[in-house]
Every structure is written in structure tokens, then in C-alpha cells.
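Values below: every heavy atom of this structure, side chains too, minus hydrogens, waters and symmetry copies. All values derive from a computational prediction rather than experimental measurement. Letters go in sequence order (proteins before strands), and every chain restarts at 1.
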Amino acid sequence: MRIATWNINSVRLRAGLIQRFVKEVNPDIICLQETKVVDELFPHNMLENLFEHRHVRGMKSYNGVAILSRIPFVSTDSKNWCGLNDCRHISAKLINGIEIHNFYIPAGGDEPNPKTNKKFEHKLNFLDEITEWGTKNSHPDKLKILVGDLNIAPHENDVWSHKQLQKVVSHTIIEIEKLKKLQDSQNWVDAVRYVIPYTEKLYTWWSYRSKDWRLSNRGRRLDHIWVTPNLKEKITSATVFHDARDWIKPSDHAPVFIDINI
DNA sequence: ATGGTTGGTTACCAA
């Protein structure tokens, strides 16, 4: 099974890029974030031939998540966090027994101070809330995959400059500690780093504000794929698909995918 | 220290 995650930054604008990605990479499942569209206007017509099973949850202008799958769903769900119906989570149970959770964690604004920056406060609260949920819902026998734009680059080799980003939202100590607690809540294994060691620099996002993203390479690893420990040994590969960052009118995020022997 | 780009919507906000 090949599963991909991609912050698409408007699914209507980039449905054609998804088609190209599917042609080149052939994933069984794609989890999208920042679809930025209400469910009625989701571009099903461009994707239904590629993925028969689609679970979408979007809103106007902001956020929005989707799970597109070739493997049928047994059930689908979604949850609200921090009392907001802002379309940052969606989940699906597949007929092969795998449960998928797709998250779009709040970016958190510019100032890394929860007292003065409501967006950063929201990000921290969001992390606390899903960690509490994770702790309550830890079942060692379940086969689960958590993916998404978590908007945190935890390791020093997940950013282009650990020193220069220490006070930049996405790489602050408080966020990294909370992400670690979330990871520990269900003993999640970072599937991508299981394959690609922490000694290697690895990014999934590069700002649009760079003339040549490859040349400057000031990236961050914001997009993640985690699996429960019972799936760890079944991981056979992990890839950040850099090519897509070079396509015409790209998302600022590259897709990430893993292969899992299931 | 500052400004740089993009998308969706609406003359700005979020990333």
C-alpha cells in the first residue's frame, strides 16, 4: 500500500497536479490539506476516475482536508478541535484494517508567544487537545496511520538552519515538546525518519518567497507520516517527492509518501 | 533588519 500526504494549497487550482502526481507515483491513498473549498465545490469530476472512494471536509477560503482512496472505506469520521468547526481533521477506516487520520494543524502566525498571538495559542491548544484524545484512544492492537501538515519541524535536520529558526514558529522548543508528547501518546513511529535517518537534512516545504527554492534550499519538514508500532516493520520506503515543487503553479509543499507492506 | 510570493476573496487575510 502506498500512502501520500500533500498540502495542496487549493485543490481546485491544483487538481491537475494531483492527476500528474498519481500518474507518476501511483499512490493508493492521498491525504490532502488546505483544500480551501466547500464540499459542494470539491473537484470530484477530476479525481473520481483515479480514486473511487473520497471523504472530504472543507470550508470556504481556509483549511480543508480530504482522503482519496482506491481502497474502500468501512467508515469515515471527522472531529472538531478547540471548539471550532474549521475542517482540520478527517479520518477513515479501510477494509484492510488500517485506520487513517489526516490533520492540518494550525500554522500559528508569526509571533511565538501564546499571550500576545492568538494563532500561536490556538496551535498549542490544538496540540494539547489531540494529545489528550490520543492518550484516551491508545489501543495497542489497532493499525493506524497519522498523516498531515503538522506545521512543526521537530529535528535540527528538519530545518535549513536550527540556529536561525529557534525563535521562528514551526521550530520553537514549546511546539517541538508538544509534538513529542503527541507522538508519545500512542507511541507513533515517524515512518519517514524510520527510513531516512536524522543525520540527513530533509524538508517538505519551501517558501514561495524564494527566487530559486532548490538553490537557496531554505526548507522545513512540516509534513509527516506516522504509524503505530505494529506497522513499523512493514514500512519498505519513504519519499519526499521534490519534483512536484518544480511543476507549473506548484504548492509550496512537496508530497510525501511511504510504502507499507500490507 | 527587512522584504520577499501565493491563493481566495475582496480590497485584506493567512500562510
Under 3.5 Å, side-chain donor or acceptor atoms of residues 236-244 of chain A against the rest of the protein: list the pairs with distances, not counting sequence neighbours.
residue, atom, partner, partner atom, Å
A:T236, OG1, A:D259, O, 3.4
A:S237, OG, A:D259, OD2, 2.6
A:H242, ND1, A:V240, O, 2.9

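- The side-chain contact (heavy atoms from CB on, under 4.5 Å) check on A:L41 picks up A:R12, A:V37, A:V38, with sequence neighbours excluded.
- The hydrophobic cluster around A:L222 extends to A:W205, counting ILVMFWY residues whose side-chain heavy atoms fall within less than 4.5 Å of a member.
- Spacing of C1' atoms, B:dA11 relative to B:dA1, comes out at 29 Å, to the nearest Å.
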DNA chain B base-pair string [pairs: Watson-Crick or G-U under 3.5 Å; |: paired with another strand]: ....((((...))))
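- Residues passing the side-chain contact (heavy atoms from CB on, under 4.5 Å) test with A:D141, sequence neighbours excluded: none.
- To the nearest angstrom, P of B:dT6 lies 13 Å from CD1 of A:I248.
- B:dT10 sits 14 Å from B:dA14 when the C1' atoms are compared, rounded to a whole Å.
- Residues meeting the side-chain contact (heavy atoms from CB on, under 4.5 Å) test with A:D28, sequence neighbours left out: A:M1, A:R2, A:R70, A:I71.
- Nucleotides B:dA15 and B:dT9 are separated by 15 Å at their P atoms, to the nearest Å.
- For the side-chain contact (heavy atoms from CB on, under 4.5 Å) test, residues two or more places apart in sequence or in another chain that qualify with A:E121 are A:P114, A:K118, A:N125.
- At a threshold of 4.0 angstrom between heavy atoms, the contacts of A:R14 are confined to the sugar-phosphate backbone, with no base atom among them.
- Between the CD atom of A:Q183 and the CG atom of A:D190 there is a distance of 6.0 Å, given to the nearest 0.5 Å.
- We find that NZ of A:K249 is positioned 13 Å from P of B:dT5, with the value rounded to whole Å.
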Per-nucleotide protein contact string for nucleotides 9-15 of chain B (B base, S sugar-phosphate only, - none; heavy atom under 4.0 Å): S----SB
Distance-only donor-acceptor pairs under 3.5 Å for side chains of residues 74-84 of chain A, two or more places apart:
residue, atom, partner, partner atom, Å
A:N80, OD1, A:R57, NH2, 2.3

